[in-house]
Amino acid sequence: RILQVSSKVNSTWHPASSFSSSSVPSVKLFIDGKFIESKSDKWMDIHNPATNEVIGRVPQATKAEMDAAVSSCKRAFPAWADTSILSRQQVLLRYQQLIKENLKEIARLITLEQGKTLADAEGDVFRGLQVVEHACSVTSLMLGETMPSITKDMDLYSYRLPLGVCAGIAPFNFPAMIPLWMFPMAMVCGNTFLMKPSERVPGATILLAKLLQDSGAPDGTLNVIHGQHEAVNFICDHPDIKAISFVGSNQAGEYIFERGSRHGKRVQANMGAKNHGVVMPDANKENTLNQLVGAAFGAAGQRCMALSTAILVGEAKKWLPELVERAKKLRVNAGDQPGADLGPLITPQAKERVCNLIDSGTEEGASILLDGRDIKVKGYENGNFVGPTIISNVKPNMTCYKEEIFGPVLVVLETDTLDEAIKIVNDNPYGNGTAIFTTNGATARKYSHLVDVGQVGVNVPIPVPLPMFSFTGSRASFRGDTNFYGKQGIQFYTQLKTVTSQWKEEDASLSSPAVV
Ligand code: NAD
């Protein structure tokens, strides 16, 4: 029966798919099982980053609409929490199938709204799909613990219960993957969920909500609102919301962590990054240079795990000219164009910010070896493009090193020893990801052991853990104590209940000490 489930998302209900130059479609809210037009008088335009054309508009949901969304989640919670775990698992099993069937359609929408290449957009959906698949193993993940006979006739056992209404606030850079880190894990545990996608890329979340509904999730178990600060404050303050999952910048994350915590909620906040790739002279040169180029410039550097800083150790310094040659070969184009390696940045403001940070490099004494600031992309002259840029002679006190650039810019530092490289990485406040490139196992082990970063790659440039593990960014890249997905994700979305029970043997029916 499950294999027969089928649902195709298409332009008959999704606004951005029916875009034409004569009309500007609006993105719907998803409240109590219905896709509804907001009554808001505050709307924001959605732009195609490759052209800056307006492709849709998204509302800032009104207070009444946001209240209706939370009430819907609250009403749906008791029945959903009581639904057998096997039934919730079945919904997720159908969901993973529908996401697979509609992967290309979701990716197409991501490229339209976010700008990344179609291949990257498909990867975005695929990495989210893996979390949905993982959530299907809830029957093992939610197991509790038991300790029989802690004293005469007394047993101790624990089990996990959902929290109630949970909420998610997502960034623009992974429109499918990051919402899919959140609501499937929360819902399979029996919670209901209020999702607020990034106002710049709301389309993928709406498609994903439609597919979840088609998978059999009851009305009210997922609600989607749109907005910016008011929606965020609403989520942080609302007494019926028990937990908040946030992914985005430090500015927003610190704020949400503090405001949400002050209102007694659990908050997990994945935030910004400055990820270092340490290149040892004994590394496999060919592989390493390819990996560095892909990880620094892929997705136009708009990945929280982009390898945005290279530390060349010892003789590896000599590889810099070859690195530049490889970066020059990357093709910058609109994300839906064949052969594009990287697309535009999300907004003109993001482009300006990235260019200013490159400027600061020259002003503070670094050298620009490859300059993508003035790139022109034929046919897309109004897009927010920045070409691959490499800044060398960078020192840790420079602005381009201290700031998260979030663009296709690789800053390069040099050291004579591994120990100096480790010190630079550990002195940096962020702890999202890092990688070492070496063919020496002892060097790799020393680095992995001593580096104070939550996710380490050994000859792997973007070490994002698969969902049976958890996403374990650390230090300034994370606030909270329980990470996203994996066993930690289940912990975040559940409360343990521990029962100590005594059933005296002498009270057992129809038994006597002689029989026993
Ligand atoms: P952002 O912080 O601007 O936006 C994220 C969300 O917060 C959006 O839904 C937005 O509406 C809301 N928001 C924005 N500013 C706010 C404010 N001042 N107060 C309250 N809410 C606010 O982030 P972004 O630009 O969409 O995403 C890029 C950032 O996300 C980068 O810093 C990147 O490193 C980070 N990121 C981190 C991870 C991770 O797992 N560590 C993953 C992806 C992205």
Side-chain angles (χ1 to χ4, degrees), residues 42 44 46 49 58-61 113-116 124 127-128 131 167-182 194-202 204-205 224-237 244-260 267-275 299-309 345-347 349-351 353-354 357 384 403-407 429-434 453-455 462-465 467 470-480 483-486 488-489:
K42 292 189 215 153
M44 298 164 282
I46 307 167
V58 61
Q60 298 192 28
E113 289 188 349
Q114 201 274 354
K116 62 176 74 175
D124 186 332
R127 292 306 298 253
V131 178
I169 302 168
F172 80 85
N173 65 330
F174 281 96
M177 178 184 83
I178 289 177
L180 290 173
W181 284 1
M182 299 176 178
L194 178 72
M195 186 73 222
K196 192 207 86 63
S198 166
E199 62 280 13
R200 298 179 205 150
V201 293
T205 295
V224 181
I225 58 168
H226 302 294
Q228 282 176 313
H229 301 97
E230 278 172 46
V232 165
N233 288 343
F234 173 87
I235 289 171
C236 291
D237 299 351
I244 304 174
S245 297
F246 169 83
V247 179
S249 65
N250 280 65
Q251 194 195 4
E254 304 277 356
Y255 173 80
I256 289 166
F257 184 85
E258 271 152 38
R259 190 161 176 152
V267 186
Q268 52 176 192
N270 268 11
M271 302 181 293
K274 196 81 183 175
N275 307 311
Q302 296 178 121
R303 290 178 178 139
C304 65
M305 288 290 277
L307 214 49
S308 55
T309 308
L345 295 176
I346 185 74
T347 55
Q349 295 74 21
K351 174 175 172 164
R353 187 180 158 277
V354 168
L357 282 165
N384 312 316
E403 294 274 316
E404 180 184 32
I405 299 181
F406 225 55
Y430 293 108
N432 215 33
T434 185
V453 173
Q455 304 180 107
I462 304 190
V464 176
S470 299
F471 190 102
T472 54
S474 63
R475 296 197 282 136
S477 301
F478 180 67
R479 290 288 293 271
N483 294 116
F484 280 82
Y485 63 76
Q488 297 229 351

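Order of appearance sets the numbers: ligands from 1, and atoms from 1 within every ligand.
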Exercise. Taking the six-membered ring of Phe246 as reference, does the NZ or CZ atom of Lys196 fall below 6.0 Å from its centre and within a 45° cone about the axis?
Worked result: no
Problem set entry | Ion pair check, Glu403 and Lys274, cut-off under 4.0 Å | no
Short N or O contacts of ligand 1 with protein, under 3.5 Å, listed by atom name?
unit_1   : atom_1 : unit_2 : atom_2 : d
ligand 1 : 2 (O)  : Ser249 : N      : 2.9
ligand 1 : 2 (O)  : Ser249 : OG     : 2.5
ligand 1 : 9 (O)  : Ala170 : O      : 2.7
ligand 1 : 9 (O)  : Lys196 : NZ     : 2.9
ligand 1 : 11 (O) : Lys196 : NZ     : 3.0
ligand 1 : 11 (O) : Glu199 : OE1    : 2.7
ligand 1 : 18 (N) : His229 : NE2    : 3.3
ligand 1 : 23 (O) : Ser249 : N      : 3.4
ligand 1 : 26 (O) : Phe172 : N      : 3.0
ligand 1 : 30 (O) : Gly248 : O      : 3.3
ligand 1 : 32 (O) : Glu404 : OE1    : 2.7
ligand 1 : 34 (O) : Glu404 : OE2    : 2.6
ligand 1 : 40 (O) : Asn270 : ND2    : 3.0
ligand 1 : 41 (N) : Met271 : O      : 2.8

For this session: Look at the side chain of Asn483 and the backbone N and O of Gln488, then say whether any donor-acceptor pair between them is shorter than 3.5 Å.
Result: no
Problem set entry | Stepwise side chain to side chain contact (heavy atoms under 4.5 Å, CB included) test for Ile178 and Phe484 | CA-CA 10 Å; Ile178 289 177; Phe484 280 82; 5.9 Å; no
Problem set entry | Crowding at CD, Glu230 (>12 non-hydrogen neighbours, <6.0 Å) | no
Exercise. Taking atom types as modelled, is there a side-chain donor on Tyr255 or Asn233 under 3.5 Å from an acceptor on the other?
Worked result: yes
